[in-house]
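Notes for the one structure printed next.
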Number of protein chains: 2
Amino acid sequence: MPRKTGYQTKQKMQLLAFFEAHPDRHITAAALLLELKRQGISIGAATIYRQLEKLEAEGLVRRYALDDRGSACWQYTGGQDGVCRHHFHLKCTECGTLFHLDCGHLNEIAGHVAAEHGFRIDPARTVFYGICEQCRSKSKE
Amino acid sequence: MPRKTGYQTKQKMQLLAFFEAHPDRHITAAALLLELKRQGISIGAATIYRQLEKLEAEGLVRRYALDDRGSACWQYTGGQDGVCRHHFHLKCTECGTLFHLDCGHLNEIAGHVAAEHGFRIDPARTVFYGICEQCRSKSKE
DNA sequence: TTAGATATGATAACAATTATCAATTTCAAT
DNA sequence: ATTGAAATTGATAATTGTTATCATATCTAA
């Protein structure tokens, strides 16, 4: 009979260990590979991508398409009620910083769009693009 | 002395002609290449990418990073007050359809985020991800 | 322990985009 | 119209992020 759960491999657990140690961090697959290798962990790029996909399917990790071009970012959520499940993100197109935006007023808009426009927004997957305060004041100088 | 404006080339004008003929359409570079070739126009892929970049810099065309992976989409805006400059977009992660969302209530949020969170959102560059009505009712069956 | 399912990792394949560069085209000044 | 410098083109190579392949290694229930 087919197995229901995957195997517990060294690499998968080390990946999870990394994420648990950095719960708030958004990281790319490439950076992840570097960090793990730096820790002396033997892991290949293919395994990183495969495991990220599986962890995403299990709801432990979330994928963000942050850049217009460039690579995706991943973040640990630790399950259904993960850190960034309910709020939006802001990404500054100038400096590239990603901000978390947890704001009741904004969170209402998901309800509004569902009710008025028949579209069920996934806040955690949505990123607002724009210019942050720092970059704005810099460009004024 | 160096020139200020670029040269008026056949290809660039044909590209613009296409966009002017399809003002509301979001199209990928690859699809653009196909369409132009279908019209008997001699143009290379590299030129498409280069000209799109230039047209974007001139503010005549706008780039959207629509897919998590996959290719970017482009749309004619015709200058500063282009069609999609002030409203948001919704992208269904199920069927891939892109919806325009012009709604006063939503447009307020840019003001809110600027005032309360010090971040100047660019609505035209921001895409909400979620599930559209059709796909939602389908998945209920 | 052992068998069979599953995971790994090196590498190839892939897709979208960008860089290279010789040949061509544009356009302002003659 | 001719010229010539600057800009553009297009075929192709290179790059980047990601996925597929497949032989080998690992896991785990029996």
Side-chain angles (χ1 to χ4, degrees), chain A residues 1-18 26-58 60-75 96 127, chain B residues 1-18 26-58 60-75 91 93 96 127:
Chain A
M1 58 182 141
R3 295 178 49 80
K4 278 141 211 163
T5 40
Y7 292 151
Q8 240 25 45
T9 69
K10 220 188 312 171
Q11 289 81 354
K12 180 174 187 175
M13 297 201 304
Q14 284 169 325
L15 233 178
L16 265 179
F18 175 88
H26 296 77
I27 192 170
T28 65
L32 206 39
L33 181 63
L34 270 179
E35 292 256 13
L36 293 179
K37 290 216 160 170
R38 193 172 296 156
Q39 291 179 26
I41 290 171
S42 160
I43 193 167
T47 301
I48 298 269
Y49 283 105
R50 266 183 308 229
Q51 283 301 342
L52 284 175
E53 209 171 324
K54 288 191 182 174
L55 291 173
E56 186 184 30
E58 292 173 35
L60 291 177
V61 139
R62 184 168 281 282
R63 177 190 178 126
Y64 297 89
L66 284 186
D67 288 304
D68 282 4
R69 49 206 79 186
S71 42
C73 277
W74 300 83
Q75 187 197 24
V127 180
Chain B
M1 58 186 141
R3 297 178 48 81
K4 281 139 207 163
T5 40
Y7 291 153
Q8 236 34 36
T9 69
K10 220 187 312 172
Q11 289 83 354
K12 180 175 187 174
M13 297 200 304
Q14 284 168 325
L15 232 178
L16 265 179
F18 175 88
H26 297 76
I27 192 171
T28 65
L32 206 39
L33 181 63
L34 271 178
E35 293 256 13
L36 292 179
K37 289 216 160 170
R38 193 172 297 155
Q39 290 178 25
I41 290 172
S42 160
I43 194 168
T47 301
I48 299 267
Y49 283 106
R50 266 182 310 227
Q51 283 301 342
L52 284 175
E53 210 171 324
K54 288 191 183 175
L55 291 173
E56 187 185 30
E58 291 173 35
L60 291 177
V61 138
R62 184 169 281 281
R63 177 190 179 125
Y64 296 90
L66 284 186
D67 288 304
D68 282 5
R69 49 207 80 189
S71 42
C73 277
W74 300 83
Q75 188 196 26
K91 165 116 177 176
T93 52
V127 180

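Note that the coordinates shown come from a computational prediction; the quantities given were computed from them, not determined experimentally. Proteins come first, then strands; the chains are lettered A, B, ... in the order of their sequence lines, and each starts at number 1.
- Note on A:Lys12: every side-chain N or O is 4.0 Å or more away from OP1 and OP2 of C:dT8.
- Considering only heavy atoms from C-beta on, B:Leu55 comes within 4.5 Å of B:Lys12 through its side chain.
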Please enumerate all protein N or O atoms sitting under 3.5 Å from an N or O of nucleotides 21-23 of chain C, with distances to 0.1 Å.
none

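- The side chain to side chain contact (heavy atoms under 4.5 Å, CB included) search around A:Ala30 returns A:Thr28, not counting sequence neighbours.
- Atom CG in B:Leu15 sits about 14 Å away from atom P in D:dT8, given to the nearest Å.
- B:Thr9 has a side-chain polar atom (N or O) that falls below the 4.0 Å cut-off from OP1 or OP2 of D:dT9.
- With sequence neighbours excluded, no residue satisfies side chain to side chain contact (heavy atoms under 4.5 Å, CB included) with A:Glu53.
- Among the nucleotides C:dT17, D:dT28, C:dG9, the one closest to any side-chain atom of A:Tyr7 is D:dT28.
- Rounded to whole Å, the distance from CG on A:Leu52 to C1' on D:dT19 is 13 Å.
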So what does the secondary structure string of DNA chain D come out as, 5' to 3', with Watson-Crick or wobble pairs under 3.5 angstrom, [ ] for crossing and | for pairs with another strand? ||||||||||||||||||||||||||||||
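- Side-chain N/O atoms of A:Lys10 include none lying less than 4.0 angstrom from OP1 or OP2 on D:dC27.
- Taking every side-chain heavy atom of A:Gln51 into account, C:dA7 is the closest of D:dT9, C:dA7, D:dT18.
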Show, in sequence, the C-alpha distance, side-chain angles and deciding distance for B:Met13 and B:Gln8, and conclude whether the side-chain contact (heavy atoms from CB on, under 4.5 Å) test is met. CA-CA 7 Å; B:Met13 297 200 304; B:Gln8 236 34 36; 3.9 Å; yes
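- Between B:Ala46 and B:Gln8, it is B:Gln8 whose nearest contact on DNA chain D lies nearer the 5' terminus.
- At least one side-chain heavy atom of A:Ile27 sits less than 4.5 Å from a side-chain heavy atom of A:Glu35.
- In terms of phosphate contacts, B:Ser71 brings no side-chain nitrogen or oxygen within less than 4.0 Å of OP1 or OP2 of C:dA15.
- When distances are taken from the side chain of B:Thr47 to each of D:dC27, C:dA16, D:dT9, the shortest belongs to D:dT9.
- DNA chain D is contacted by no residue of residues 32-45 of chain A, taking any non-hydrogen atom closer than 4.0 Å.
- Rounded to whole angstrom, the span from the CD atom of A:Glu56 across to the P atom of D:dT18 amounts to 12 Å.
- Here the side chains of B:Leu16 and B:Val61 are not in contact, with every heavy-atom distance at 4.5 Å or above.
- Atom OG1 of residue B:Thr9 and atom CD of residue B:Gln51 lie 5.0 Å apart, to the nearest 0.5 angstrom.
- Residues B:Ile43 and B:Leu33 come closest through the heavy atom pair O-CD1, 3.6 Å.
- Looking at A:Trp74 and A:Arg62, their side chains never come closer than 4.5 Å, going by heavy atoms from C-beta outward.
- If you take NZ of A:Lys54 and P of D:dT18, they are 18 Å apart, rounded to a whole angstrom.
- Taking atom CD1 of residue B:Ile48 and atom C1' of nucleotide C:dT18, one finds them 15 Å apart after rounding to whole Å.
- Residue A:Gln11 places its side chain closer to C:dT8 than to any other of D:dT19, C:dT8, D:dA11.
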Give the C-alpha distance, both sets of side-chain angles, the deciding distance and a yes or no for side-chain contact (heavy atoms from CB on, under 4.5 Å) between A:Val127 and B:Val127. CA-CA 7 Å; A:Val127 180; B:Val127 180; over 6 Å; no
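- Applying the 4.0 Å criterion to OP1 and OP2 of D:dT18, one finds that A:Tyr49 has a side-chain N or O inside that range.
- Nearest heavy-atom pair, A:Leu52 versus A:Ala29, reported as atom, atom and distance to 0.1 Å: CD1-CB, 4.1 Å.
- The nearest whole Å value for the distance from the CE atom in B:Met13 to the P atom in D:dA7 is 19 Å.
- Sorted by first and then second residue, the pairs that involve residues 37-50 of chain A and meet side chain to side chain donor-acceptor pair (under 3.5 Å), not counting sequence neighbours, are A:Thr47-A:Arg50.
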